[in-house]
Protein chains: 2
Amino acid sequence: MTDAEYVNIWMRPERPARGPKPAYSRAQITEAAVRIADAEGLEAATMRRIAAEIGAGAMSLYRYVPSRDNLVELMADRLMGEIDVTGMPSGDWRADLTRYADGLRAMWLRHPWIATVQRSLPSFGPNQLLLIERLMGVLDVFVSIDENLSLMAMLNSYIEGTVREEISSAKEFRRSGLSESEWMARSYPYVDRLVKSGEYPIFTKIVMEARQPHLSRDDQFRYGLQRILDCIATALPSTAESLMSAHREGREEQDGSGQTHSQPSERSSRAK
Amino acid sequence: MTDAEYVNIWMRPERPARGPKPAYSRAQITEAAVRIADAEGLEAATMRRIAAEIGAGAMSLYRYVPSRDNLVELMADRLMGEIDVTGMPSGDWRADLTRYADGLRAMWLRHPWIATVQRSLPSFGPNQLLLIERLMGVLDVFVSIDENLSLMAMLNSYIEGTVREEISSAKEFRRSGLSESEWMARSYPYVDRLVKSGEYPIFTKIVMEARQPHLSRDDQFRYGLQRILDCIATALPSTAESLMSAHREGREEQDGSGQTHSQPSERSSRAK
DNA sequence: CACAACCGCGTACGACGTACCCATTAGGAG
DNA sequence: CTCCTAATGGGTACGTCGTACGCGGTTGTG
């Protein structure tokens, strides 16, 4: 097996046995890269910049990571670990999926640059694997694995699609250095031209309606999520809607502490 | 208003009045860029490469487009024009949304690089505006504009999320130059190690189940789409399920020509 | 007909990822 | 212990990118 024939980054051993002690580590490099990407975007996390962040020479990073792309894979998996799915098949599937959805969304909002990396086939890093186990475990007792995959794809698509929009509008405001109202004022000439043309009645309707108070982003997300969960409910056997204690007892012994589902560990702040 | 103060690319006039006749055009440049991106990916569509494609000098492009980012915006809107939504509020909302979904998915599959551009706030190019009018017009008679936005966000999220997965797996196979079975053979050591560890029962289930014949990608998409449409149906008033002719007659007088709005001044060609 | 606006485009600059090389370090064999 | 050798940190250099700047030629307008 030649040097570059590892199937993915997780198969490549971090450290050989011989030679001098490495001064850094993959985890340390990944952490620094995430820190930079959070603060200045993924494109700012260049090899030179990351190396400077940890006090290393630029080329030293390549002793730990074969390429920048692979480093980004490490960063992505590192992020998956932030989603709290402990004790996840709790027996209340709606609560579980809601907690997962909130956690995933919050993670994306903390690390918006994740939207710009397109995973080339899930690389199945350790954190992602754990997430899969916990998340798919939620509906595993109710539906076939294929059905489960389909439903989770739907759920994930909703979450990612929604949060992508949040991210891109936030990014646009930051890029222009304008507040939301300033930005709207700036684009007024264009919007006004479109409205005045009379050719876009529905666009006009959206623009007009947007002036009246909308739901907060959090509430919008929750509202749509409820719809998705209702949609999932229709795909489950009727027994799934009732309490799951019977199923749980059948699968594993559990005490009656009454802790059906833990509160989401962190709630995204209702902005402004 | 200084030179760079245009709110977006659509406000910046393509041609001033004075001076010599330009040898090229935005449309021509955009077309060339799309052609390159289709064949070799968006990152291959560099300014130099695009210029060479149309026989121009590299810097000449900047007479037509302020920056590469803006050119990508033009490319994205050009793609929106490929989605056929003519006569779109037809009265059968399920058929309309299905046609839109198929069209959007097919467009993404023809131009997979679109997944790598994150729109910074919808830039509302002409083709996108038309698409909004037609698509949101489908449910406009049934629900409020806010509800409509929410439902369409859900639909679009599903489509984009699903097709993103198709794209990234296709890309991985192309990147590695392996067929799907070769790729699976290559990653066998890693997958086998995970399965053998016994720590990932659901991942194991997925891997095992994947050996038996699955639905085609088309059927998977259609299947999930039906679920989404069912979900949308529950948000509509009960009258919506029946034929819509009554509603259409009630809202606007219409002759039989089917030409509701003026034709867009330029239709992008359906490639190949 | 002169002038200013606009054209195409050549040159140049400061980034980027990373191939290559080198002196230095440290585990394992004798 | 001493060597051998693999592995280290990192400097230099190459080919790429987007694009700022400025030039000589072209053209509509006064």
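None of the values given here were measured: they were computed from a predicted structure.
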Set of ring-ring contact (aromatic ring centres under 6.0 Å, His included) partners for A:Y64, sequence neighbours left out:
none
Check salt bridge (Lys or Arg N to Asp or Glu O under 4.0 Å) between A:D77 and all other residues, then give those that pass, not counting sequence neighbours.
none
Scan residues 42-55 of chain A against DNA chain C and write down, sorted by residue number, each residue with any heavy atom closer than 4.0 Å; if none is found, say none.
A:T46, A:M47, A:R48
B:R105: side chain to side chain donor-acceptor pair (under 3.5 Å) partners, not counting sequence neighbours
B:E166, B:D218
Rounded off to whole Å, could you give me the CZ-to-C1' distance for the A:R68 and D:dT16 pair?
15 Å
Please identify each residue that fulfils side chain to side chain donor-acceptor pair (under 3.5 Å) with B:N156, with sequence neighbours left out.
B:Y100
Can you give me every donor-acceptor pair (side chain of residues 27-35 of chain A, partner residue at least two apart or in another chain, under 3.5 Å) with its distance?
unit_1, atom_1, unit_2, atom_2, d
A:T30, OG1, A:R26, O, 2.7
A:E31, OE1, A:R78, NH1, 3.3
A:E31, OE2, A:R78, NH1, 2.3
A:R35, NE, A:E53, OE2, 3.1

Partners meeting ring-ring contact (aromatic ring centres under 6.0 Å, His included) with B:Y158 (sequence neighbours left out)
B:F221
For DNA chain C, the residues among residues 58-67 of chain B that have a non-hydrogen atom under 4.0 Å from it
B:M59, B:S60, B:R63, B:Y64
A:D38: partners by salt bridge (Lys or Arg N to Asp or Glu O under 4.0 Å), with sequence neighbours left out:
none
Can you name the ring-ring contact (aromatic ring centres under 6.0 Å, His included) partners of B:Y200, sequence neighbours left out?
none
For B:D69 and B:S67, does a side-chain donor sit closer than 3.5 Å to a side-chain acceptor?
no
Applying side chain to side chain donor-acceptor pair (under 3.5 Å), can you list everything that pairs with A:K196, at least two apart in sequence or on another chain?
A:D192
For residues 21-33 of chain A, which residues have at least one heavy atom under 4.0 Å from DNA chain D?
A:P22, A:A23, A:Y24
